[in-house]
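Here the structure is laid out as structure tokens; the discussion comes afterwards.
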Amino acid sequence: MAEETVNASSAPVEKSRNDSDKRGCKAFRNLKNWQIDQYRIAVDENKWYMSERSGRYVDWEEAEEDFLHNGYYGCAPLWRKQYCADRCDHFPDCELGKSFCKDEERPAS
């Protein structure tokens with residue numbers, strides 16, 4: 001079921017009550033926001049390490065470019081697995097989350 005909300009232009013916008021992506025993640029919005037936070041933290045850390053190694057100031061854009069070329073693609077699946085296993089309230093009933101965490105048991109609460 002969908003509900004209508006009004007955006008800044010006063011045009012009706014359909015908003016889904018089920019906050020999920022097409023593959024069935026029930027916490028997709030929270031996952032997405034958490035992954036964005038993890039990405040920003042990782043780029044900030046990379047910025048610091050690059051500055052230390054080079055002995056000069058490294059701006060965020062340069063650190064981001066380096067991170068995208070040298071580290072990001074290994075992080076994304078790990079972040080998804082970490083979110084599903086450790087943070088998602090839907091994990092016990094989520095086949096999608098369990099598929100990301102096949103080798104890992106969820107810690108007891």
Side-chain angles (χ1 to χ4, degrees):
M1 189 75 168
E3 65 181 355
E4 282 192 357
T5 58
V6 178
N7 65 14
S9 68
S10 298
V13 176
E14 194 168 295
K15 180 180 172 186
S16 172
R17 289 180 192 250
N18 184 4
D19 188 21
S20 63
D21 69 5
K22 292 181 183 189
R23 293 181 293 163
C25 179
K26 293 179 181 161
F28 183 70
R29 184 174 297 147
N30 292 338
L31 166 65
K32 180 180 68 173
N33 291 337
W34 184 81
Q35 285 181 320
I36 290 168
D37 289 343
Q38 296 307 300
Y39 176 82
R40 289 177 178 155
I41 290 166
V43 172
D44 281 340
E45 282 183 10
N46 192 47
K47 179 180 182 279
W48 184 81
Y49 285 119
M50 287 179 68
S51 294
E52 287 289 310
R53 281 192 311 262
S54 66
R56 65 177 177 82
Y57 175 79
V58 173
D59 64 21
W60 207 88
E61 290 79 12
E62 183 180 355
E64 182 180 34
E65 183 177 335
D66 179 75
F67 180 70
L68 288 172
H69 290 324
N70 298 311
Y72 173 69
Y73 294 103
C75 292
L78 294 175
W79 289 336
R80 178 67 185 252
K81 185 176 183 179
Q82 182 181 1
Y83 181 85
C84 291
D86 299 336
R87 297 181 172 269
C88 186
D89 295 333
H90 302 284
F91 184 78
D93 301 317
C94 181
E95 295 305 317
L96 180 62
K98 289 176 184 175
S99 72
F100 283 104
C101 304
K102 287 179 185 170
D103 302 333
E104 200 170 290
E105 290 291 319
R106 184 177 181 146
S109 303

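Judged purely by atom type and a 3.5 angstrom limit, D66 has no side-chain atom pairing as donor or acceptor with the backbone of E62.
A heavy-atom distance below 4.5 Å is not found between the side chains of K98 and D93. Side chains of V58 and R56 form a contact here, defined as non-hydrogen atoms less than 4.5 Å apart. At a threshold of 4.5 Å between non-hydrogen side-chain atoms, the residues L31 and C25 count as touching. Taking the side chain as every heavy atom from C-beta outward, D44 and W60 approach each other to under 4.5 Å. Inter-residue side-chain proximity for Y39 and L68 is flagged as met; some heavy-atom pair is nearer than 4.5 Å. Residues C75 and L78 have side chains not in contact (no heavy-atom distance under 4.5 Å, counting atoms from C-beta outward).
Interatomic distance, N33 CG to Q38 CD, rounded to the nearest 0.5 Å: 12.0 Å. The CD atom of Q82 lies 10.0 Å from the CD atom of Q35; values are rounded to the nearest 0.5 Å. Rounded to the nearest 0.5 Å, atoms CD (E45) and CE (M50) are 14.0 Å apart. Once rounded to the nearest 0.5 Å, the distance linking CD1 of I41 with CD1 of I36 reads 12.0 Å.
Closest of all the heavy-atom pairs between K102 and S99 is CG-O, 3.5 Å. The shortest non-hydrogen separation linking N46 to F67 is ND2-N, 3.5 Å. Here the closest non-hydrogen pair linking G74 and P77 is O-CD, 3.7 Å. The two residues F100 and K81 make their nearest non-hydrogen contact at O-CG, 3.4 Å. In terms of heavy atoms, F91 sits closest to C84 at CD1-O, 3.1 Å.
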- CA sep, side-chain torsions, deciding dist, call: L96, R80, side-chain contact (heavy atoms from CB on, under 4.5 Å): CA-CA 11 Å; L96 180 62; R80 178 67 185 252; 3.4 Å; yes

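By the 4.0 Å N-to-carboxylate-O rule, E52 lies too far from K47 to be salt-bridged with it.
Taking the six-membered ring where the residue is Trp, Y83 and W34 present tilted rings, their angle falling between 30° and 60°.
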